[in-house]
K.L.:
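Please see the structure below; I have some questions.
Chain naming here is simple, since letters A, B, ... match the order of the sequence lines and numbering starts at 1 in each. Hydrogens, waters and symmetry mates are skipped; everything else that's a heavy atom, side chains included, is used. Computed from a predicted model, the values in this text were never measured in an experiment.
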Amino acid sequence: MAQPVVSVFLRGFLSGGLVSSALFGIYSYNNNANLAIESGIHVEYQESLTDPSYKLRGDQILKYGVPDRGPDVRYYRNHALTYDQSRKSPIWVAEHLNKEVLTGSANRKHSKFKPDVNIPEMYNAANSDFYKSGWSRGHMAPAGDNKFDQVAMDESFYLSNIVPQDLNNNGQFWNKLEMYTRDLVQTKGYSDVWVVTGPIVRSTIEENGKKFVKYEVIGKNEVPVPTHLYKIILAETGDKQTKLIGAFVVPNQPIQHDHTLRQYQVTLEDLQIWTGINFFPKLDKSTTKNLCDVDQCKLLSREQFELYFIGRKLDSARNISRLEKVWSELDEKNLKPDQFLIELYNRKKSEIDLKEKEE
DNA sequence: CGGTGCTTTGGT
DNA sequence: ACCAAAGCACCG
């Protein structure tokens, strides 16, 4: 947790107008933070670093240690990350989930994707980089992990927390993985879950048998498109007796519902080799068990997944035609509504009938 | 839940 | 007259 101290130190230096050539190996005298950044000294004011509530939350997020790669750790209301300035992408993003942060009324409809105000303009990605690129804007720390606070949810929409992600992957398989992670807290009795998520580029073999690292870049800022995304889940029971850990590497492409999460499980050691990151340096790995051996790592089935969203869409329907259209999806997709869904449909129908009669 | 995209609004 | 933001409909 040395970073805040370093930041305060450098901030004092910069405001004093002197950047020491002895310390930084450059021969410049300036009081301009941007010039310092261009010189390779990356530091700028971050309100979150001086706000005790953020610091407190950050200590929880990083309870098992700061992943030991990345020059600085940035703390947000409910996530922490290191950022790759040259690639305009996160390196890793960490969160701590419990019932508190998963409960509340924050709504993603009130949030907007936008450049991170805590990152210098020249190192920031932009919405225009993603527009018509063929790639969607995929959260690393999910918006849905921030129901407790609208500001926290808004911060998850900073582009420092976003990478280019296949739209189908983002909305389906990756979405189910995020739901699974929350479910460990919400229904499976794990009081605390620590998650580290990030982009990764894996090599591919070409015709001549040689291996290359190759990835698309999008937009004016050339934001890299990762070939895969990784996620590490550490689940702990309230009595601290059980610690489960699972690491997953998922291809950044459409993945059908018949694929299991276990197919994409890797060892923590392999992921450490591929990323160069030691993820939970303070965690005694000998006390952990394989998450998928204990829990089975079962994602929602296609049927469960689609019924869930039909329910949400019925709930948000505002007129009869929309309600009936959503209801007809059940037949189209060969789905059988459960009692909950039938009651929801009937309740919405009478609500809308009543409202339309008044007009 | 995860997203995109078209239309309307509003500021210069 | 223009462009960016906001609002709303829609998709899996």
K.L.:
Can you tell me if A:D166 uses its side chain to pair, donor with acceptor, with the backbone of A:N252 under 3.5 Å?
P.N.:
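No, because the side chain of A:D166 does not come within donor-acceptor range (under 3.5 Å) of the backbone of A:N252.
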K.L.:
Under 4.0 angstrom, heavy atoms only, what part of the nucleic acid is A:Q165 near: base, sugar-phosphate, or nothing?
P.N.:
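Since no nucleic acid heavy atom lies under 4.0 Å of A:Q165, the category is nothing.
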K.L.:
What does A:K333 touch in the nucleic acid at a heavy-atom separation under 4.0 angstrom: a base, only the sugar-phosphate, or nothing?
P.N.:
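No contact at all - A:K333 keeps every heavy atom at 4.0 Å or more from the nucleic acid.
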K.L.:
Tell me whether the OP1 or OP2 atom of B:dG2 has a side-chain N or O from A:N170 closer than 4.0 Å.
P.N.:
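Looking at the OP1 and OP2 atoms of B:dG2, neither is under 4.0 Å from any side-chain N or O of A:N170.
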K.L.:
B:dG5, OP1 or OP2 - any side-chain N/O from A:K132 closer than 4.0 Å?
P.N.:
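So the side-chain polar atoms of A:K132 never come under 4.0 Å of the phosphate oxygens OP1 or OP2 of B:dG5.
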K.L.:
A:K325 side chain: which of C:dA6, B:dG3, C:dC11 is closest?
P.N.:
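Of C:dA6, B:dG3, C:dC11, C:dC11 is nearest to the side chain of A:K325.
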K.L.:
So which nucleotide from B:dG3, B:dC1, B:dG2 ends up closest to the side chain of A:P142?
P.N.:
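My answer, after comparing the listed nucleotides, is B:dG2.
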K.L.:
Base, sugar-phosphate, or nothing for A:K114, non-hydrogen atoms under 4.0 angstrom?
P.N.:
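It contacts nothing in the nucleic acid.
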K.L.:
Please find the pair of heavy atoms, one from A:V185 and one from A:N98, that lie closest to each other, and give the distance.
P.N.:
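Taking every non-hydrogen atom into account, CG1-C, 3.6 Å.
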K.L.:
From C:dC10, B:dG2, C:dG12, pick the nucleotide closest to the side chain of A:H139?
P.N.:
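Output: B:dG2.
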K.L.:
Testing A:W92, A:Y264, A:F279 one by one against A:Y230 for a ring-ring contact (aromatic ring centres under 6.0 Å, His included), which residue passes?
P.N.:
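Exactly one option meets the ring-ring contact (aromatic ring centres under 6.0 Å, His included) with A:Y230, and it is A:F279.
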K.L.:
Check whether A:D116 reaches the backbone of A:Y158 with its side chain - one donor and one acceptor, N or O, closer than 3.5 Å.
P.N.:
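No: the side chain of A:D116 does not pair with the backbone of A:Y158.
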K.L.:
Look at A:H257 and C:dG12 and indicate whether a side-chain polar atom (N or O) is within less than 4.0 Å of OP1 or OP2.
P.N.:
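Indeed not, no polar side-chain atom of A:H257 lies that close.
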K.L.:
With under 30° as parallel and over 60° as perpendicular, where do the rings of A:F305 and A:H257 fit, or are they tilted in between?
P.N.:
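Ring orientation, 0 to 90° scale: tilted.
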K.L.:
Calculate the interatomic distance between A:F113 atom CZ and C:dA6 atom C1'; express it in whole Å.
P.N.:
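The distance from CZ of A:F113 to C1' of C:dA6 comes to 16 Å, rounded to the nearest Å.
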K.L.:
Just the rounded figure in Å: distance from P of C:dA5 to NE2 of A:H110.
P.N.:
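Computing the A:H110:NE2 to C:dA5:P distance gives 19 Å.
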K.L.:
Can you find a side chain N or O atom of A:R108 that sits less than 4.0 Å from OP1 or OP2 on B:dG2?
P.N.:
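Indeed, a polar side-chain atom of A:R108 lies that close.
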K.L.:
Report the distance from atom NZ of A:K176 to atom C1' of B:dG2, rounded to the nearest whole Å.
P.N.:
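Taking NZ of A:K176 and C1' of B:dG2, I get 13 Å after rounding.
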K.L.:
Within the 4.0 Å heavy-atom criterion, would you say A:K313 contacts the bases, only the backbone, or no part of the nucleic acid?
P.N.:
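Since a base atom lies under 4.0 Å of A:K313, the category is base.
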K.L.:
What is the distance, to the nearest angstrom, from the CG atom on A:N127 to the C1' atom on B:dG3?
P.N.:
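The distance from CG of A:N127 to C1' of B:dG3 comes to 13 Å, rounded to the nearest Å.
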K.L.:
Please report, rounded to the nearest Å, how far the P atom of C:dA6 is from the CG atom of A:D154.
P.N.:
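A:D154 atom CG is separated from C:dA6 atom P by 12 Å.
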K.L.:
Is the ring of A:F305 stacked on the base of C:dG12, with centres less than 5.5 Å apart and planes under 30° off?
P.N.:
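It does not: the ring fails the test against the base of C:dG12.
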K.L.:
Return the value, rounded to whole Å, for the distance between atom CD of A:Q186 and atom C1' of B:dC1.
P.N.:
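Nearest whole value for this atom pair: 11 Å.
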K.L.:
Looking only at the side chain of A:K112 (C-beta and beyond, no hydrogens), which of the listed nucleotides B:dC1, B:dG3, C:dA5 gets closest?
P.N.:
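So the side chain of A:K112 is nearest to C:dA5.
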K.L.:
Would you tell me if any nitrogen or oxygen in the side chain of A:R137 comes within less than 4.0 Å of OP1 or OP2 on B:dT4?
P.N.:
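Yes, such a contact exists.
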K.L.:
Give the minimum heavy-atom separation between A:N161 and A:S156, together with the two atoms involved.
P.N.:
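Looking at all heavy atoms of both residues, the shortest contact is ND2-O, 2.8 Å.
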K.L.:
OP1 or OP2 of B:dC1 versus the side-chain N and O atoms of A:K109: is any pair under 4.0 Å?
P.N.:
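Answer is no, no contact under 4.0 Å.
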K.L.:
Indicate, with a heavy-atom threshold strictly under 4.0 Å, whether A:R182 touches base, sugar-phosphate, or nothing.
P.N.:
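Sugar-phosphate only.
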K.L.:
Take the protein atom CD of A:Q256 and the nucleotide atom P of C:dG12, then report the distance between them rounded to whole Å.
P.N.:
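Going from CD in A:Q256 over to P in C:dG12 covers 13 Å.
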K.L.:
In whole angstroms, how far is the P atom of B:dC1 from the NZ atom of A:K147?
P.N.:
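Between P of B:dC1 and NZ of A:K147: 4 Å.
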